[in-house]
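Sequential numbering from 1 along the given sequence is applied to the chain's residues.
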Amino acid sequence: MAGLCLLALAGWQEPALALDRYIIDLNSSKTEFNNSHVLRLLKAALEASRPRYGAYEVEISTLRVQRDRLMVEMRKGQAVNLSAQVTSVEWERELIPVRIPVDKGLSGYRISLIDGREQEAFSKVRTLAQLKAMSLGAGRQWSSTAVFAQAGFDVVGGATTAGLHRMLAAHRFQHFPRAIDEALYERDEYAPAFPQLAVERSLVIYMPLPRYFFIGGQPRLARRLEYGLQLLIADGRFDQIFHEFYDGLIEKAALRKRRLFRLDNPLLPPQAPLANKAYWYDPYK
């Protein structure tokens with residue numbers, strides 16, 4: 001994709017085609033705050049690309065399915081052809097990734113939901129071995145789940161986010177690692193059914209876990225979106241949009257005050273642009 005973008009930036013013109021139609025899936029337990037970020041970034045990138053590519057449409061799909069089924073539907077490209085998802089080898093093989101982390105890699109920072117009465121046990125954790133001994137819940141189809149399992153964590157799998165919250169309330173595992181916006185939102189969403197639900201206060205786990213826009217079967221749509229995102233990066237709007245939507249959440253989660261545990265991600269596809277510092281956010285620098 002990078003080579004295609006360089007051609008576009010150098011003046012290469014796409015042939016005029018029918019109206020570019022993006023149908024985005026927002027099937028997520030994340031806060032509307034995050035979904036608004038994805039939509040804002042998408043529309044800004046497409047608007048930036050308008051002089052070169054022309055008009056476009058953005059629709060929100062009504063499809064609500066699990067991750068594996070979503071990939072199948074995106075290959076069809078009828079009900080949905082665009083989604084922002086944490087990458088995996090399978091997704092990059094079956095769909096077209098735009099390898100620019102939409103949230104600058106923030107999805108890789110995981111804080112946990114717990115029974116608040118167990119906070120003291122987590123506050124005592126000082127080593128990765130101690131943390132691995134504490135059972136965690138994770139979705140069977142999630143990219144992060146495989147990373148936890150490979151690293152030797154005690155992983156209890158579940159089918160859905162709601163089901164995992166019920167399992168946490170039933171003490172089937174001790175903590176439920178989530179991206180920071182997921183954790184803050186789900187604490188409020190699920191607390192009525194589980195009043196002891198709390199955001200763990202002392203720890204954060206980091207793994208390289210980029211979240212990309214994926215396109216189902218339409219290379220032009222992917223080229224256009226990458227071109228627009230590169231324009232936003234070049235003029236600073238990409239970072240501006242990121243900070244506008246995430247700085248408040250980062251502060252609310254007290255991310256910089258937590259003990260950081262770093263994990264490798266041996267399952268990360270080799271094309272991940274880890275060396276491009278403009279693509280990534282590091283809260284500790």
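Counting heavy atoms from C-beta outward, I233 and Y279 have side chains that approach closer than 4.5 Å. Looking at heavy atoms from C-beta onward, S144 lies in side-chain contact with L209 at the 4.5 angstrom threshold. Side-chain atoms of D20 and L46, non-hydrogen and from C-beta on, never get closer than 4.5 Å to each other.
A donor and an acceptor atom, one from each side chain of H37 and D103, are nowhere located under 3.5 Å apart. With 3.5 Å as the limit, one finds no donor-acceptor pair spanning the side chains of S61 and E59. Between the side chains of E186 and H165, at least one donor-acceptor pair of N or O atoms lies under 3.5 Å.
Salt bridge status for D282 with K277: absent, with no side-chain N to carboxylate O gap under 4.0 Å. Salt-bridge formation is detected for the pair R69/E73: a Lys NZ or Arg NE/NH1/NH2 atom is positioned less than 4.0 Å from an Asp or Glu carboxylate oxygen.
S107 contributes no side-chain N or O that, together with a main-chain N or O of P210, makes up a donor-acceptor pair within less than 3.5 Å. The backbone N or O of Y185 lies less than 3.5 Å from no partner atom in the side chain of R178, so there is not a single donor-acceptor pair.
Not less than 6.0 angstrom separates the ring centroid of Y190 from the ring centroid of F194.
Summarising the geometry, atom CD1 belonging to I96 is positioned 13.0 Å from atom CH2 belonging to W91; distances are rounded to the nearest 0.5 Å. Of the inter-residue distances, the one linking L221 atom CG with Y53 atom OH reads 10.0 Å to the nearest 0.5 angstrom. Distance CG/D68 to CD/E94: 10.5 Å, rounded to 0.5 Å. K132 NZ to F153 CZ: the interatomic distance, rounded to the nearest 0.5 Å, is 6.0 Å.
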Run S143 and R67 through side chain to side chain donor-acceptor pair (under 3.5 Å) and show every step you take. CA-CA 10 Å; S143 299; R67 182 176 162 102; 3.2 Å; yes
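Closest non-hydrogen pair, F238 versus V102, comes out as CZ-O, 3.9 Å.
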